[in-house]
Amino acid sequence: MSTPPTAKRRNQTLLRYARAFRSPRGIIGAGTLLALVVVALAAPLIGPGGYDQQTSQTLVGASGQHLFGTDELGRDILVRTVYGLRTDLSLILTAVPVSLVIGTLMGLSGAVSKALGALTQRLLDIILGFPGLVLGVIIVMIIGQGWWALFFALVFAGLPGFGRMARAGLLSEQDRDYVLAARVLGVSTGRRIRRHILPNIVDPLLVQTAIFMVVAIFIEAGLSIVGLGIEPPAPSLGAMLNVGARYATTHPSYVLGPGMVLLLLALSFTLLSDALNEAAIKR
Amino acid sequence: MIRFLVRRLPVIALVLVAASMIAFLLPRLMPGDPAAAVAGPDATPEQITQVRHDLGLDRPVVEQYVVWIKGLFTGDLGQSLQYRRPVAELVGTRLESTVELAIAALIFMVIIGVGIGLIAGSTRAAWLRSAIDSVNTLLLAMPGFLVGLLMVLLFGIYFRVLPTSGEVPLSENPEIGVQYLILPALALALAPASGIARLVQTSMRAVRQQDFVDLAMAKGVPPRRIATRHVLRNSLGPALVAIGIRFGDLLAGAVVIEAIFARNGLGQLAVSSAQTADYPVVQVLIVGAVLIAVAAQLLTEIGLARLDPRVRLE
């Protein structure tokens, strides 16, 4: 009996987000992101030899054969940038959703009991007290440098934002008459959250997700530039900037290539967050 | 004000205690035996046992924690494994570089942020407002390290007017030291400054709608004075909060900027210590970083409470 209304509502929700992609910002943002994902997926076609194919032509400038030139080991910088983009996308597209889910659950835990809610809030306060890079340093020291260290650094860094947003939604909704009524009628906590609280916080959480994607890209780059990122020879956009900075004045394309792709990636998510925000306000 | 502070105290204490515990537990969470790391690669099992005893690693964990905390308060910060020098001395030599960078960036951030916000918030020229808007949007999307890398490219290749690599302490030679400071501090400050400018601009627009501005205009107060004394003063609240919050980001960003401009500050020390598992140094830097971040947050809240009495009463 309850299936048709739910399905209808789901359709309406989807329609609303589809509308977000009709605005110019939404179209450009989604289009850029889609293009970047396609390029990343096509990495083996662009560089059939892989990201570590070395040649004797080291540090060659930009040319028709090597669009961004070659690096200090004679590897094509364009090929490495594309593989680096792959690393960045694989990181943010896994770590940010995980952070979103855990953070939201932490924020909503106050619905189960007040004490649990207060406890998770203090936990989030503690995480918030640690600057992002310090979190990164601690994680690197415990589990060692690499993809997983970056993954956990991103998950932790996102928790306070998602958690606070979910809790704000919970606090503003749980004392409304209709939620109280549901409670009096004996609707279970889980069902109350799913039916009454979650639909009200989906919009801000989605915008926050897009915003945190940008932050995550910059955290990855920051940790990699100082040398705590992915271990060579594997490339990431930040790790390439780390080495590229050393050759910046003699081989500008070493910095400009990966830097441009990084900026495009960040820009696509910024535009998407704007578009989602607009769609949410219009409702 | 005091009651306000007292209410904030438990959370602050909690964050600091948690930070100290995480820092303390760090070598115990790391793979490998800290005693073996201290003793060096060629140590015999007996020597490692001896080192473990000397460091107090064979005593109960709670006792070790108390001893370590006492050390923090009395200035005994331990010995670096990598440099074989006291941590306090190491931090001391690197402190000036990072403090200079952070303060210079903070000054740029406040001047540029409030200045541009004031211009954008009080000008009637639409073209100027939209020009500032677009520059702001661009800068907001550009992280400090990209601004820094672009500056290295521009000033290292085309306009060789300012140095892009290395540093000279201000205490040694202020004139040259400042030259080395300008580019990294600007790189660090531009993105947060554009965020602050935007906040000042929007809140100035909101304050302008208020009745007391109409009253001031009716009284015949000159527009310039209305902008600075009446509107700007009441628009600074959100900007102040942002400055405080962004000061923490600024310090984190300083680590990356130091790497790009080849400055030998605390950030570089933290990174090289993390890479060589030099945990006594990292422990101290973690506690220090959290302490400063929390202090910045608290100062922000105090400043806000002073500007707006409603915050205190909440």
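So that the names make sense, note that chain A is the first sequence line, chain B the second, and so on, each numbered from 1.
Of the listed residues (V17(B), L150(B), V255(B), V294(B)), the greatest number of heavy-atom pairs within a distance under 4.5 Å of chain A belongs to V255(B). Between chain A and the residues V152(B), I12(B), L149(B), the largest count of heavy-atom pairs under 4.5 Å involves L149(B). Between chain A and the residues G144(B), P10(B), A289(B), A19(B), the most heavy-atom pairs under 4.5 angstrom are made by A19(B). Among V255(A), L228(A), I142(A), the residue making the largest number of heavy-atom pairs under 4.5 Å with chain B is I142(A).
Judged as a side chain to side chain donor-acceptor pair (under 3.5 Å), and not counting sequence neighbours, the contacts of D125(A) are R122(A), R164(A).
If you measure heavy-atom distances from L267(A) to chain B, the contacts under 4.5 Å come from the side chain alone. In this structure, chain A has heavy atoms under 4.5 Å from both the backbone and the side chain of Y279(B). Contacts of A259(B) with chain A are made by side-chain atoms alone, with heavy-atom separations under 4.5 Å and no backbone atom involved. Within the 4.5 angstrom heavy-atom criterion, only side-chain atoms of L262(A), from C-beta onward, approach chain B. Heavy atoms of S273(B) lying under 4.5 Å from chain A belong exclusively to its backbone. Proximity to chain A (any heavy atom under 4.5 Å) is restricted, for V282(B), to the side chain, taken from C-beta onward. Heavy-atom distances place both the backbone and the side chain of L29(B) under 4.5 Å from chain A.
Residues of residues 216-225 of chain A that come within less than 4.5 angstrom of chain B, heavy atom to heavy atom, are F218(A), A221(A), G222(A), I225(A) in numerical order.
Ring-plane geometry between Y254(A) and Y247(A) is classed as parallel, the angle between the planes falling under 30 degrees on a 0 to 90 degree scale with a further cut at 60.
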